[in-house]
Enquirer: 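Below is the structure I would like to discuss, written out as structure tokens.
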Amino acid sequence: MPYLDDVEALRKADRWGMLEAYLRWPDALLSGARRAEELEIPGEVRMRGGSIRYGQPSSVVIVGMGGSAAGGDLLVDLTWDRMPVPILVWRDYHLPAFVGPDTLVVAVSYSGNTEETLVAFSEALARRSMVVAITSGGVLGQLCRKLKLPLVEVPGGLKPRMALPYLFAPLPILMEEFGLVRGLREQVQAAAALMEQMATGLAPEVPVEQNQAKKLALDLLGSVPVVYGHGFLRSVARRLKSQFNENSKVPSFFNQLPAMNHDEILGWEGEEEYTRRFSALFLRDPGEGPALRERVRITKALLADKVAKIVELWAMGVSRLERMFSILYVGELASLYLAFARGVDPYSMRSIDAVKRELAELGLAEEARARAERLFPS
Ligand code: F6R
């Protein structure tokens, strides 16, 4: 019996209940959406030296790091061909120059304590941008409550990457509330329903032969996964790369087609001694056009003798979000099964914590908090 079919061993290895948390993703997605539905967006928030006025945004910036930024990428791919204003996911301390009072800035930080996000948040306040936060608490939550800024509170106690449905689902709802894109609520419902159907087939009790996530984990075992996405699967490719890093503790990379046909593909001409260490995971959509289908076919043929393995994951469902989540869900669980197959702890985040701890000594988060607090009305 392959290790991944030993349910008892899996449950023992899953000390932190991550499998169960993943199997609850459909509910988490609906709950995240509901929390945003309940949010009341104020007309105005008073601060020292001028108010924030909430109205029709002329641009949208989603600020966050790591697992908290991933939902922003999904939103961009979900809406790129319908969003009437520029939208950007920003993973850094300082905001771009164009961000001003007409920009909707959604600060996403699961812990609410990530210094890059807090610094950018305080800059957005100083520029009187229309700020909304999504967090489970922390400094970000406190500041929003004190300043009476719109805040979507999500349940705490998870690793940020596990909270993706809670962190993502409010975003499409906010886009609707701000009058930017319609018809997204329905897609969130449909994606949750599809994941619900899929969950039984991906559960630990289902053996490798019938379990797409376990199968994918075993296909990737022993290699460095390079994930290729195209169109609205770009964000999914990026996210899965992160999950192979964070859950499975392996190096992993992502890129997109057609872009990789213009540079990265030459890298695969290198010595097999190197290229054989990688596997290529192609994310596919049944609706992809003929040009992309051809590009994937040609690229796979060029890579065939160079990489350890070529694997494909096909999207299911009707709406765009269903298709995105159908691949995401399999890949997320695969990253967990891969951790168990490798005998590593998917929950731990030693290096991330170490960097955060050392950086905290510079006191940037505290400075950002103080800057925000100076804007409080007396
Ligand atoms: C950890 C994870 C990280 C965090 C990132 C930012 O599970 O996914 O990428 O998301 O370090 O932290 P938060 O999300 O608390 O702002």
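Worth saying up front: this structure is predicted, and the values here are computed from it rather than measured. Ligands are counted one by one from 1 in listed order, and the atoms in each one are counted from 1 as well.
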Enquirer: Provide, to 0.1 Å, the distance between atom 13 (P) of ligand 1 and the closest protein heavy atom, together with that atom's residue and name.
Expert: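 Nearest neighbour among protein heavy atoms for atom 13 (P) of ligand 1, to 0.1 Å: Thr114 OG1, 3.2 Å.
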Enquirer: Please indicate whether any nitrogen or oxygen in Ser109 is less than 3.5 Å from any nitrogen or oxygen in ligand 1.
Expert: yes
Enquirer: I'd like to know if the side chain of Asn211 reaches the main chain of Val206, judged simply by a donor and an acceptor atom lying under 3.5 Å from each other, with no hydrogens or angles considered.
Expert: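 It does hold such a pair.
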Enquirer: Could you tell me whether Met162 approaches ligand 1 through its side chain, its backbone, both or neither, with non-hydrogen atoms closer than 4.0 Å?
Expert: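 Neither; nothing of Met162 gets under 4.0 Å from ligand 1.
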Enquirer: Which of the numbered atoms in ligand 1 are under 4.0 angstrom from any heavy atom belonging to Met349?
Expert: 1 (C), 7 (O)
Enquirer: Of the protein's non-hydrogen atoms, which lies at the shortest distance from atom 11 (O) of ligand 1, and what is that distance?
Expert: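 The answer is Lys356 NZ, 2.8 Å.
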Enquirer: Provide the closest heavy-atom pair for Leu151 versus Gly141 in the form atom of the first, atom of the second, distance.
Expert: CD2-O, 4.0 Å
Enquirer: Look at atom 15 (O) of ligand 1 and say which protein heavy atom is nearest, naming residue and atom and giving the distance to 0.1 Å.
Expert: Ser111 OG, 2.7 Å
Enquirer: Which atoms of ligand 1 are found less than 4.0 Å from any heavy atom of Gly66?
Expert: 9 (O), 10 (O)
Enquirer: Are the charged groups of Glu44 and Arg128 less than 4.0 angstrom apart, N to O?
Expert: no
Enquirer: For atom 10 (O) of ligand 1, grab the closest protein heavy atom and report residue, atom and distance to one decimal in Å.
Expert: Gly67 N, 3.0 Å
Enquirer: Is the shortest distance from a Lys or Arg side-chain nitrogen in Arg239 or Glu332 to a carboxylate oxygen in the other one below 4.0 Å?
Expert: yes
Enquirer: How far is atom 2 (C) of ligand 1 from the closest protein heavy atom, and which atom is that?
Expert: Glu246 OE1, 3.0 Å
Enquirer: Between Glu366 and Arg369, is the closest basic N to carboxylate O distance under 4.0 Å?
Expert: yes
Enquirer: Counting only heavy atoms not in Glu205 (residues, nucleotides, ligands), do more than 12 fall under 6.0 Å from its CD?
Expert: yes
Enquirer: What residue pairs, at least two apart or across chains, pass salt bridge (Lys or Arg N to Asp or Glu O under 4.0 Å) with a residue in residues 154-179?
Expert: Arg161-Glu246, Glu176-Arg185, Glu177-Arg185
Enquirer: Which residue supplies the protein heavy atom nearest to atom 7 (O) of ligand 1, what is that atom called, and how far is it?
Expert: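 Of every protein heavy atom, Arg161 NH1, 2.7 Å lies nearest to atom 7 (O) of ligand 1.
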Enquirer: Would you mind checking which non-hydrogen protein atom is closest to atom 14 (O) of ligand 1, with the distance to 0.1 Å?
Expert: Ser68 OG, 2.5 Å
Enquirer: Flag yes if more than 12 heavy atoms outside Glu123 fall under 6.0 Å of its CD atom; otherwise flag no.
Expert: yes
